Amino acid sequence: MRFLQSIETQIRSHAEKPWCFIHGKHHSYADLSVFIGAHQSEISQSAKPIGVVIRNDFETYAALITCWISGKAYVPLNPEYPKERLKDIIEASNIQQIFDSKGTGLIAFPELLLVKKHPTPNSDWKLFTPQSSDWAYILFTSGTTGKPKGVPIGFGNLEAFFDGFFALGYDLNSQDRFLNMFELSFDLSVMSFGVPSILGASFYVPQQNLVKPLALYDALESNDITFALMVPSVVEMLAPYADELDLPHLKVSQFCGEALKLSQLKVWKQACPQTQIDNVYGPTEATIYCTRYTVPKDLDECLHKNGIVCIGTAMKHVSLWMDPNFELCLGGLQTTEGYLQATADQKSKFFEMNQTWFYKSGDIASYSEGYFYCHGRSDDQIKIQGYRVELSEIEFAGNKAFPDVLNKCLALQTEMGWELHLVFDTDQTLPPIQQINAFLPDYMHIKQVHASHPFPLNDNGKIDKKQLTMNVLGAST
């Protein structure tokens, strides 16, 4: 793997150069080398992935690189997730070792904890070169079955992404400073710490103890960030400070994870007139992102449909195809082979055509004059803060809290983004919101619970979601 060889070279040749900046402190490539040397011998040589409890510290990021250098996949485990969800992830991934920088053992299966509280300083380590089909990481997204859905990304997929990234032609070197605003269970984080590690550059993580918009504002401005990958909703968070933003060093702003609106683009362009703005697109299954559209300097020339910015063209190792229903299918070396323990329905999301492996994205698209555009979903999936949310998973949590009672999750669009409401077909006392949210990660928490009995039906005998939404909104006013 060329990207692993590049990371090894940078670690060994940039010893005193800053690798990351977290909680107001720099950690060098030499610190990373010592960490790898101290922990590599602890890692089992079996083919099983390593669980990494994700924390906002140097040790956690270093553990991810150690896994890669050792030819192993990592599985991010968010300690804030419900214990049942963590157990599902650990069991589905067949994890046999878990790294936790705090060594608290508070996470599910503490007997798997891999901790060296006082590691011996050691820079003696070696690079294990994995096969292309070996997994580099496994991320879990919202699933329609009520359990998180495992997406294994191979080292070959990751190699194709990094090669495709550098083929985009950015002027980058070891002096660049990258922003990582993403939690490590979100695949956009892989670009944000992976690319600078390949370059021998540095990445910066906003302080979590600050109010989020202010933390991001501070990270961008005070650290002279030159490359930032962000979700578009960040622009709205920073809009009140747009007149104060002074980011002369920011060379590239990439936006991904949500639809980029023309209105957001105008705000950011005004705040950062000199920066190159790229809209990038792609689901986890196609490895981080797989298309790119560079916004022209003159926004009047920006390609968009109904105010949603174009997603552009395919990256180097990606093939794009629209089926007869206009669903965008993503193929090529970046596309994963399939889900862990896939159901028949999940297996049907992947297919082979012209000797190329494709994934059905569920995104409705159009194609015009060489460029692709996205127009929403073909299913009940939405994105909140860049995370994919299957409404059926929230309904599954509702079933756990209130068994044998039909419920429907409604996603309501507000000025602040999506709000999730759960409606029960009952005239009984409703369960408290906290009881339902206890089964869900924070970004999937519902805003309100409602009762509507009986559920309205359309002419086909199906639940009339439009009428149900009107009933809920009417009862709330």
Side-chain angles (χ1 to χ4, degrees), residues 1-13 19 32 36 43 47 49-50 52 61 63-76 125-139 150-170 172-174 176 178 180 182 184 186-201 203 227 229 254 256 280-292 313-320 330-340 350 352 355-359:
M1 294 291 112
R2 286 175 296 174
F3 82 91
L4 287 178
Q5 293 169 352
S6 295
I7 291 175
E8 179 192 25
T9 298
Q10 301 302 346
I11 295 172
R12 297 194 189 281
S13 61
W19 175 56
L32 175 58
I36 297 171
I43 296 176
I50 303 295
V52 178
Y61 281 91
L64 305 185
I65 296 294
T66 302
C67 287
W68 283 354
I69 290 291
S70 304
K72 307 281 291 185
Y74 71 81
V75 183
W125 52 269
K126 68 175 185 176
L127 173 65
F128 291 83
T129 303
Q131 299 296 313
S132 292
S133 58
D134 292 340
W135 296 340
Y137 59 84
I138 305 172
L139 299 185
V151 185
I153 297 298
F155 278 100
N157 299 137
L158 204 49
E159 176 78 18
F161 168 77
F162 286 130
D163 187 56
F165 173 89
F166 288 109
L168 295 175
Y170 297 119
L172 300 171
N173 55 54
S174 63
D176 279 290
F178 288 70
N180 180 30
F182 302 105
L184 291 170
F186 195 177
D187 67 337
L188 296 183
S189 68
V190 180
M191 193 291 301
S192 299
F193 76 81
V195 169
S197 299
I198 292 170
L199 288 166
F203 65 91
F227 193 106
L229 172 62
Q254 283 189 339
C256 191
V280 293
Y281 157 88
T284 304
E285 290 84 350
T287 311
I288 310 176
Y289 54 76
C290 56
T291 75
R292 190 269 298 262
T313 57
M315 288 171 61
K316 180 178 178 181
H317 299 289
V318 175
S319 298
L320 303 179
L330 315 169
L333 296 180
Q334 288 187 209
T335 301
T336 184
E337 293 184 357
Y339 299 117
L340 293 182
F350 296 87
E352 188 173 16
Q355 299 182 318
T356 300
W357 191 242
F358 280 86
Y359 166 68

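Just so it is clear, the model here is predicted, and its values are computed rather than measured. Worth knowing before you read on, the calculation uses all heavy atoms, side chains too, and leaves out hydrogens, waters and symmetry mates.
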Any side-chain heavy atom of [X] sitting closer than 4.5 Å to one from [Y]?
X	Y	answer
Asp163	Leu333	no
Leu64	Tyr137	no
Leu184	Tyr74	no
Tyr339	Val151	yes
Leu168	Met315	yes
Ile65	Phe193	yes
Val318	Thr291	no
Trp125	Thr66	no

Please check if the side chain of [X] supplies one atom and the backbone of [Y] the other of a donor-acceptor pair under 3.5 Å.
X	Y	result
Thr287	Gln334	yes
Trp357	Phe350	no
Glu8	Ile69	no

**Asked** For Gln131, does the CD atom sit with more than 12 other heavy atoms under 6.0 Å from it, leaving out its own atoms?
**Response**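 Not buried by this count: 12 neighbours or fewer within 6.0 Å.
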**Item:** Nearest heavy-atom neighbours spanning Pro196 and Met191
**Value:**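 So the minimum-distance heavy-atom pair works out to CD-O, 3.7 Å.
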**Item:** Nearest heavy atoms of Ser192 and Phe203, plus distance in Å
**Value:**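 Shortest heavy-atom contact: O-CB, 3.6 Å.
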**Message:** Just to verify, which of Thr284, Thr336, Val75 counts as forming a side chain to side chain contact (heavy atoms under 4.5 Å, CB included) with Leu139?
**Reply:**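 Looking at Thr284, Thr336, Val75, the match for Leu139 under the side chain to side chain contact (heavy atoms under 4.5 Å, CB included) is Thr284.
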**Request:** With side chain to side chain contact (heavy atoms under 4.5 Å, CB included) as the test, would you mind laying out the steps for Phe358 and Ser319 before giving the verdict?
**Result:** CA-CA 8 Å; Phe358 280 86; Ser319 298; 4.0 Å; yes
**Request:** Please step through ring pair (Phe, Tyr, Trp, His ring centres under 6.0 Å) for the pair Phe161 and Tyr289, ending with a clear verdict.
**Result:** CA-CA 8 Å; Phe161 168 77; Tyr289 54 76; 5.1 Å; yes
**Asked** Between the side chains of Asp176 and Tyr170, does any donor sit under 3.5 Å from an acceptor?
**Response**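 No, because no side-chain N or O of Asp176 sits under 3.5 Å from a partner of the opposite role on Tyr170.
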**Centroid-centroid distance, Phe227 to Phe165, less than 6.0 Å** =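 That pair passes the under 6.0 Å test.
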**Prompt:** Using the ring of each side chain (for Trp, its six-membered ring), is Phe162 parallel, tilted or perpendicular to Phe3, with breaks at 30° and 60°?
**Reply:**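 Correct class here is tilted.
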